[in-house]
Amino acid sequence: MDDKTFFIETLGCQMNIYDSAFVAEVLTGAGYKQAADAAGADIILINTCSVRERAERKALTRAYELASRRSGDPDTVIGIIGCMAQRLGKSLLDHGGRIDLVAGPDTYPRLPALLETLRAGRDPVIDIARDPGGMYGLRPGGHDRVTAFVTIMRGCNNFCSYCVVPYVRGPERSKPHREVLDEVGHLVDLGVKEVTLIGQNVNSYDDGELDFGDLLESVNEVPGLRRIRFTTSHPKDLTHTVIEKIGSLPKVCEHIHLPLQSGSDRMLDLMNRGYTSGAYRDLAAFARTAIPGVALSTDILVGFPSEEARDHKNTLEVMEEVGFESAFMFCYSARSGTAAADLPDDVPEEEKVRRLKQVIALQNSLIDRKKRCMPGTTVEILVERESQKEPGFLIGRTRKNWLAKLPQKGVRRGEVVTARITGVSRWMITCETVENQIGA
Ligand code: 5AD
Ligand code: SF4
C-alpha cells in the first residue's frame, strides 16, 4: 500500500462514529495508515448524515472545500461515505468539485477493494449496493478511551413519516448477542469502563435468542465493565419489563433517551410514531417510579406539516410535565422520498424557528430548575479525560449523564469516584471527590 494514509471526518450520529471506527479498522487492516488530520492525508473520507437538509449541505460544502484544496496533490482521494452517499449516489458527482468515491454504509467491509479499483482506473467509484442482512463488528485495537459505542443493531423498520433513516440504512437487523458480548469483553480488556449500546431502535433488539432486556442482563455480567448506557429507545417498544431491568441491573445507568417528537396526538399520528401523548406520559411516569432518580432525555421536532399553535402548545405541556433532563431539538426538514415529503411543508420557516426557540427556552429552564437543588448532593462519576480548558481538572459523567468536572488531585482517568457537587452551571456540574471507588 506504500504507506498511503487516510483521514475520516465524521458528521452525524453515534452510528456514524462507530462506523467510522469500523472503516478505520478495515483500512488499517488493509495496510493503510490513519492520519491525524485531513491535511496531507492521501485519502479523505467524509462520513455523512442525511437526517436534515442542513446536515447534508454542511457535508457537501466540506467535501467540495476539501476537493478544491487538493490542488497540492491531485492524487488525493476524496470520498463521501455514509447516509448521504446512499441517498444521493451518483448525483454527488454532479456538483462541480471532484469526488472520487461514493460508498454507502453497507459497503464498508469492501472499501479496500473499492480503493484498489479507484487506483487502477480513472473514473470515480460508486458503490451503494445494499446488504439488508449486513452487520459488522469492531475489533478496535490500541485505543485508550474510557467509554465506547457498541452497535447492537443496524437499520430501522419504523418509517416515521419524516425520517430518511429506513431508506438509507435499510431494514432492522440485530447483531448476535455473542458478538456483542465478545466486543464488549474486548473493549474492557483495552481499558473501557463504559459501553453505550447503540441502534436506531434498541428496544426492538432480537437476535432470535435474546431480546433487549436479556441483552442488558448479559452485558451486565461482563467482568470489569462498570457502566452500560444504550440509545435510542422508542416509546412504542420500550416495555415495563425493560424499564424494571434498567432499575435493577447495577451497571445500567439511570438514563433513558426517549424521543417524544411532539406532544400532539394529531402530529404523532401524522408522524407514524405509534403512540399517543398520553401513552408517552404514562411510560415516562412509570420510568420515574420504577427507576428512582432516572434521567429522561428526548428529541423534539417542531414545525411538522400542518402543526398548529395548539399542537405546539401540547409539546410544551408534555415537556413541562415530564421535566426532561435534556433534549435535542430540531426544526422539521422535508426529506424527499419520505411519506411526510408528500405533505405541504406549510409551517413558515420563521414560525418553525420561533417554536424551536420556545422549546429550547423551556428546556433550558427545566435544566436550570433541576440543577438548582443539586449542590451538596453526592454523585458517582466515571472520569473520562483531562479538561482541556482548565488544567488541573478532570471531566467525567454522572450516571444520569450530566457532564461533571472535578479536581485532578488523587484521581485518574478511568476511575469511578463518589463526589459531592459544589457548584452547577447549565452544562456542567463542579464536584469535589469524596471517595475513590477503585476496586469497589
Ligand atoms: N427533520 C428534522 N429532524 C428530524 N429528525 C429525524 N428526521 C428529521 C427531519 N426530517 C430528528 C428526530 C429524530 C432525530 C434523530 O432527528 O427528532 O429523533
Ligand atoms: Fe427514523 Fe423513526 Fe427509525 Fe428513529 S425510529 S430512525 S426517527 S424512522
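In listed order, ligands and their atoms are each counted from 1. Values below: all heavy atoms of this structure, side chains included; hydrogens, waters and symmetry mates excluded. Computed from a prediction, not measured in an experiment: that's the story for all the values here.
Within the 6.0 Å centre-distance limit, the rings of Phe328 and His257 are counted as a close aromatic pair. When ring centroids are compared, Phe304 and Tyr332 come within the 6.0 Å threshold.
The shortest side-chain heavy-atom distance between Leu225 and Val184 falls under the 4.5 Å cut-off.
Of the protein's non-hydrogen atoms, the one nearest atom 5 (S) of ligand 2 is Asn158 ND2, 3.4 Å. Ranking the protein heavy atoms by distance from atom 12 (C) of ligand 1 puts Gln261 OE1, 3.5 Å first. Protein heavy atom at the shortest distance from atom 7 (S) of ligand 2 is Tyr162 OH, 3.4 Å.
Ligand 1 has an N or O atom lying under 3.5 Å from an N or O atom of Arg52, backbone or side chain.
When each atom of ligand 1 is checked for a heavy atom of Arg335 under 4.0 Å away, the hits are 10 (N). Close contacts between ligand 2 and Cys156 involve ligand atoms 3 (Fe), 5 (S), 6 (S), 8 (S) [criterion: under 4.0 Å to a heavy atom]. Of all atoms in ligand 2, listed by their number and element, those nearer than 4.0 Å to a heavy atom of His234 are 5 (S). Close approach to Phe159 involves these atoms of ligand 2, each under 4.0 Å from a residue heavy atom: 8 (S). Heavy-atom proximity to Pro166, at under 4.0 Å, picks out these atoms of ligand 2: 8 (S). Less than 4.0 angstrom separates some heavy atom of Gln200 from each of these atoms of ligand 2: 6 (S).
Tested against Tyr32, the residues Leu111, Ile43, Thr5 include a single side chain to side chain contact (heavy atoms under 4.5 Å, CB included) partner, Ile43.
Residue contacts to atom 1 (Fe) of ligand 2: Cys163 brings an N, O or S atom closer than 2.8 Å. Atom 2 (Fe) of ligand 2 has Cys160 among its coordinating residues (N/O/S atom, backbone or side chain, under 2.8 Å).
Note on Arg62 versus Glu9: salt bridge recorded, some NZ/NE/NH1/NH2 to OD/OE distance being below 4.0 Å. The pair Arg57-Glu53 meets the salt-bridge criterion, with a side-chain N (NZ, NE, NH1 or NH2) lying under 4.0 Å from an Asp/Glu carboxylate O. In summary, Arg266 and Glu307 do not engage in a salt bridge, as defined by a charged side-chain N under 4.0 Å from a carboxylate O. A salt bridge links Glu390 and Lys405; the closest N-O separation between the charged side-chain nitrogens and carboxylate oxygens is under 4.0 Å. Under the 4.0 Å criterion applied to side-chain N and carboxylate O atoms, Glu254 and Lys400 are not assigned as salt-bridge partners. Contact check on Glu209 versus Arg178 returns a salt bridge, with a Lys/Arg side-chain nitrogen under 4.0 Å from an Asp/Glu carboxylate oxygen.
Contacts with ligand 2 closer than 4.0 Å are made by no heavy atom of Asn201, backbone or side chain. Using a 4.0 Å cut-off between heavy atoms, Asp299 contacts ligand 1 through its side chain alone, with no backbone atom that close. By the criterion of a heavy-atom distance under 4.0 Å, neither the backbone nor the side chain of Ala334 is placed next to ligand 1. Both the backbone and the side chain of Tyr162 come within 4.0 Å of ligand 1, judged by heavy-atom distances.
Within the 4.0 Å heavy-atom cutoff, Arg273 counts among the residues contacting ligand 2. Under a 4.0 angstrom heavy-atom cut-off, Cys331 registers as being in contact with ligand 1.
Residue Lys236 qualifies as enclosed at atom NZ: its count of foreign heavy atoms under 6.0 Å is above 12.
The residue among Ser333, Ala340, Ser50 with a heavy atom at the shortest distance from atom 1 (N) of ligand 1 is Ser333. Of the candidates Thr338, Val165, Leu301, Val302, it is Leu301 that places a heavy atom closest to atom 2 (C) of ligand 1.
The closest side-chain donor-acceptor pair between Glu172 and Tyr205, if any, does not fall under 3.5 angstrom.
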